[in-house]
*Asks:* 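Encoded as structure tokens, here's the structure I'll be asking about.
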2 protein chains.
Amino acid sequence: MVRRQARGERRMAELQDAAAAVFAEVGYEAATTNAIAARAGVSPGTLYQFYGNKEAIAQALADRYLEQLRSAHGALTPELAHLPLDELIDRMAGPMVAVNVANPGFKALFGRADMPEQLAAPTRAVHAAVFGRIDAVLAARRPDLPAADRARTAQVTMRLFGGLVPMIVSADEGERPALVEELKKVLRGYLGPIVG
Amino acid sequence: MVRRQARGERRMAELQDAAAAVFAEVGYEAATTNAIAARAGVSPGTLYQFYGNKEAIAQALADRYLEQLRSAHGALTPELAHLPLDELIDRMAGPMVAVNVANPGFKALFGRADMPEQLAAPTRAVHAAVFGRIDAVLAARRPDLPAADRARTAQVTMRLFGGLVPMIVSADEGERPALVEELKKVLRGYLGPIVG
DNA sequence: TTGAAACACGAGCAGTCGCTCGCATTCTAC
DNA sequence: GTAGAATGCGAGCGACTGCTCGTGTTTCAA
């Protein structure tokens with residue numbers, strides 16, 4: 001790691017904020033490093049002082065995103081295994097939606113079906129983390145389920161989030177609670193027969 | 001409309017095929033018009049003889065996609081309203097999956113959460129067509145449902161397809177039937193309590 | 001106080017992209 | 001057979017991208 005001054009750390013945070021905003025507005029590919037630098041009130045050269053390339057910025061955002069997800073979800077306690085399904089779904093869906101609403105850029109970056117070849121690593125890290133989380137909860141609830149079936153269920157569950165969360169994030173604020181309720185309906189309908 | 005020779009019509013079809021392949025491989029933005037022309041075995045100038053710009057090619061693909069969806073689904077007959085839910089879901093999900101498997105490029109183009117500003121029109125056309133289809137089926141089955149609730153249900157259903165179909169398309173051929181079954185489970189679990 | 005390291009600038013490089021244009025070739029109506 | 005439209009070529013333009021580099025400024029340990 002390089003030596004950093006306090007000013008440098010501040011700049012890096014500003015650049016991350018600017019990048020998140022620009023990515024949210026125009027997507028990863030259309031976002032230009034010059035635009036990100038300008039948004040942060042900084043020259044292109046300064047941006048490259050801290051991030052070696054465009055992908056490194058996305059990587060930093062992925063790290064930040066995972067950190068927020070982790071802290072929002074809290075520790076994975078064994079008690080989750082015996083919670084009523086409704087409550088379990090509340091505990092999973094609530095933080096997931098909240099974090100994504102608070103970070104409208106992340107869905108544009110890591111919720112994509114096609115990966116622009118770069119971004120592959122950060123995207124996979126985010127997906128792997130979410131997948132692992134879901135898989136662990138399923139394993140705690142249904143230890144008897146074959147691993148292959150469990151993985152398939154976790155994958156489908158992740159895609160359900162991936163399909164519905166962006167819709168919720170981009171919806172009017174007033175419509176959001178109703179859509180969150182629909183998300184929970186979907187999860188209950190799918191997971192009920194499996195881990196009910 | 002411009003006057004076209006048979007050769008021109010053939011070229012246009014070849015360019016569409018090439019574009020579908022290139023879009024499927026690298027996505028819309030990363031696809032270059034020169035690459036599409038080369039794939040079709042023609043010069044860039046020839047491509048622009050038939051399509052005014054990159055978006056026009058995507059538009060042509062959207063039209064072709066909608067045509068395939070329409071013919072795969074057949075006419076919307078009133079009988080669908082009284083089919084058992086399981087069978088209704090088979091009739092909806094089967095063709096949807098089949099068309100997308102046959103056209104791996106379309107999910108990369110029209111299944112995206114973020115629209116690259118261009119592409120907005122073709123994407124909206126595809127979404128509107130699918131939405132209208134689902135909404136019509138829901139209306140036939142549950143005429144008593146308020147339009148707002150019906151629209152929300154249709155939107156969620158569309159997003160479920162949007163989340164799961166790309167997964168099915170990109171899965172190994174052997175794993176596909178199991179994933180299609182999961183898709184149907186999801187749809188039954190969600191739609192059962194509503195239009196069951 | 002001072003000097004080396006960290007920070008900051010911004011014109012501009014090398015490369016790529018969507019697209020153009022002048023011109024050659026092929027088709028078709030008459 | 002021939003005029004004119006349709007088709008085809010491909011070098012290359014203008015714009016823009018991610019990124020660099022020479023140079024100047026700020027910070028801070030000694």
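So that the names make sense, note that chain A is the first sequence line, chain B the second, and so on, each numbered from 1.
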*Asks:* Using whole Å, report how far CZ of B:R10 lies from P of D:dT7.
*Replies:*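 It is 11 Å, rounded to the nearest whole Å.
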*Asks:* Do the side chain of A:S43 and the base of C:dG10 come within less than 3.5 angstrom through a donor-acceptor pair of N or O atoms?
*Replies:* yes
*Asks:* Rounded to the nearest Å, what distance is computed from the CD atom of residue B:Q5 to the P atom of nucleotide C:dT26?
*Replies:*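 In whole Å, C:dT26 P and B:Q5 CD are 12 Å from each other.
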*Asks:* Just N and O in the side chain of B:T46: are any of them under 4.0 Å from OP1 or OP2 of D:dT7?
*Replies:*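 For B:T46, the contact criterion (side-chain N or O under 4.0 Å from OP1 or OP2 of D:dT7) is not met.
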*Asks:* At under 4.0 Å, does any side-chain N or O of B:R4 touch on OP1 or OP2 of D:dT7?
*Replies:* yes
*Asks:* Ion pair present between B:R188 and B:E181, side-chain N to carboxylate O less than 4.0 angstrom?
*Replies:*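 Yes, B:R188 and B:E181 are salt-bridged.
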*Asks:* CD1 of A:I57 versus C1' of D:dG18: gap in Å, rounded?
*Replies:*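 Computing the A:I57:CD1 to D:dG18:C1' distance gives 10 Å.
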*Asks:* Judged by atom type as modelled, is there a donor-acceptor pair below 3.5 Å linking the side chain of B:N53 to the main-chain atoms of B:E55?
*Replies:*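 Judged by distance alone, yes, a pair lies under 3.5 Å.
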*Asks:* Is the backbone N or O of B:A19 less than 3.5 Å from a side-chain atom of B:R39, with the two atoms forming a donor-acceptor pair by type?
*Replies:* no
*Asks:* Write down the distance between CG (A:L47) and C1' (D:dC19), rounded to a whole number of angstrom.
*Replies:*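 Going from A:L47 (CG) to D:dC19 (C1'), I get 10 Å.
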*Asks:* Counting C-beta onward and ignoring hydrogens, is there a side-chain heavy-atom pair between A:E182 and A:K185 closer than 4.5 Å?
*Replies:*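 A:E182 vs A:K185: side chains touch.
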*Asks:* Please classify the nucleic acid contact of A:A38 as base, sugar-phosphate, or nothing, using heavy-atom distances under 4.0 Å.
*Replies:* nothing
*Asks:* Please give, in whole Å, the distance from D:dT20 P to A:Y51 OH?
*Replies:*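 The answer, rounded to whole Å, is 16 Å.
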*Asks:* Which of these nucleotides, D:dG18, C:dA6, C:dT20, is closest to any side-chain atom of B:Y48?
*Replies:*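 Shortest atom-to-atom distance from the side chain points to C:dT20.
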*Asks:* From the options D:dG18, C:dG18, C:dC9, select the nucleotide whose nearest atom is closest to the side chain of B:K54.
*Replies:*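 Given the options D:dG18, C:dG18, C:dC9, the side chain of B:K54 is closest to C:dG18.
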*Asks:* What's the CG-C1' distance between B:L15 and D:dT7, to the nearest Å?
*Replies:*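 Between C1' of D:dT7 and CG of B:L15: 12 Å.
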*Asks:* Does a side-chain N or O of A:R11 approach OP1 or OP2 of C:dA8 to a distance below 4.0 Å, or not?
*Replies:*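 Indeed, a polar side-chain atom of A:R11 lies that close.
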*Asks:* Give me the atom names and distance for the closest heavy-atom approach of A:P122 to A:F110.
*Replies:*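 Minimum heavy-atom contact is CB-CE2, 3.8 Å.
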*Asks:* How is A:G8 classified with respect to the nucleic acid when contacts are heavy atoms under 4.0 Å: base, sugar-phosphate, or nothing?
*Replies:*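 Sugar-phosphate contact only - A:G8 comes under 4.0 Å of backbone atoms but never of a base.
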*Asks:* Mapping B:E9 and B:N34 to their closest nucleotides on DNA chain D, which lands nearer the 5' end?
*Replies:* B:E9
*Asks:* Which nucleotide wins on minimum distance to the side chain of A:P44, given the candidates D:dG8, C:dA11, C:dC17?
*Replies:*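 Shortest atom-to-atom distance from the side chain points to C:dA11.
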*Asks:* For A:A35, answer base if it contacts any base atom (sugar-phosphate contacts may also be present), sugar-phosphate if it contacts only those atoms, and nothing otherwise; contact means non-hydrogen atoms under 4.0 Å.
*Replies:* nothing
*Asks:* Roughly how many Å is it from CD in A:E29 to C1' in C:dC17, rounded to a whole number?
*Replies:*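 Result: 14 Å.
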*Asks:* At what angle, to 10 degrees, do the two end axes of the helix from C:dT1-D:dA30 to C:dC30-D:dG1 meet, given five pairs define each axis?
*Replies:* 10°
*Asks:* For B:R7 and C:dT25, give me the distance from atom CZ to atom P, rounded to whole Å.
*Replies:*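 It is 13 Å, rounded to the nearest whole Å.
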*Asks:* Does B:R11 pair with B:E14 as a salt bridge, N-O distance under 4.0 Å?
*Replies:* yes
